[in-house]
Amino acid sequence: MTCEPVASLILEGDNLETNQFPEETAIIDLNLKVYDETLKGQIFVTDRPAGLADVVPVARSLSDEIARRTIEYANRTGRNIPCEKGCAACCRYLVPVSAPEVFRIWDEIQAIKPEEQRDVLSAFVNAAQRILDAGRPPTPQGRVASGEKPQDATDTINRWYAGIDVDCPFLKHEACTIYPLRPIACREHMVSSSVEHCLPANSDQAKPIEPPFSIVEALGRLAGEAEDLSLESVMLPFAPSWRQINHERARRKWPAPALFECFIATVHDLSARHRLAA
Ligand code: SF4
């Protein structure tokens with residue numbers, strides 16, 4: 001079950017009531033270059049033990065702020081991003097979720113009313129079955145065919161998935177039923193082309209705009225660091241079954257300040273790598 005947040009992200013300029021945090025709260029500084037600006041803030045972390053799922057709310061807030069700055073930057077450079085709440089044109093694409101998000105989404109599904117929970121889980125089963133019925137993707141997951149660049153392999157899988165044309169399990173009447181809690185990949189997916197180009201049949205014409213670095217990747221790397229595993233991600237429709245198999249991992253705890261320090265160090269590292277590559 002989802003419980004009290006163990007951490008809060010406060011961005012520079014936010015109203016901060018310092019007395020809302022207990023004395024033993026750790027403070028982690030955030031200082032990120034996002035395009036031509038610096039994103040500054042602090043993460044206030046309680047000293048309770050925390051699991052990977054506990055990092056996700058802060059990761060979502062950070063991802064929203066980076067997406068907001070990405071849209072501003074695109075507008076400043078003459079591009080319009082039509083992505084907004086209510087548009088579901090990309091909700092039949094592959095949504096990769098990191099292990100911390102799988103654990104979090106599972107807890108959030110457990111917190112909804114039983115009758116709604118049944119509907120959601122049944123939508124997951126139907127979507128997963130459609131994907132399994134489509135057979136193996138053209139490139140084995142997690143491996144790159146000889147001579148193929150990693151990005152080519154990702155594009156190949158994305159095209160294969162879009163061809164299956166399977167609704168996201170959280171899509172109902174062309175609207176996202178969990179919009180504030182949607183996966184970070186959904187927050188990071190933006191285009192500067194028209195909405196029609198996002199439909200699976202026209203996806204080759206879509207012009208994606210990627211944020212400077214990915215918070216989904218940061219969460220994946222955090223899980224890898226904490227558990228000494230290689231980077232992994234799960235197709236959203238398989239999240240509940242993957243969560244059942246990895247039940248013990250979902251229950252693991254670390255000291256919250258150490259876990260959040262590792263997450264923010266990973267985000268800073270990805271940001272620095274992006275600046276070097278730019
Ligand atoms: S989680 Fe919501 S926004 Fe993301 S693909 Fe599913 S319906 Fe669309």
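Each ligand, and each atom within it, is numbered from 1 in the order the structure gives.
The pair D36-R76 counts as a salt bridge, with a side-chain nitrogen and a carboxylate oxygen less than 4.0 angstrom apart.
Because its NZ or CZ atom is both nearer than 6.0 Å to the ring centre of Y179 and within 45° of the ring axis, R182 counts as a cation-pi partner of that residue.
A distance of 10.0 Å separates CG in L270 from CG in L32, rounded to the nearest 0.5 Å. Rounding to the nearest 0.5 angstrom, the gap separating the CD1 atom in I10 from the CD atom in Q42 is 8.5 Å.
Taking the centre of each ring, W254 and F260 stay at or above the 6.0 Å mark. Taking the six-membered ring where the residue is Trp, the centroids of F124 and F170 are separated by under 6.0 Å.
Distances under 2.8 Å from atom 4 (Fe) of ligand 1 pick out the protein N/O/S atoms C186 SG.
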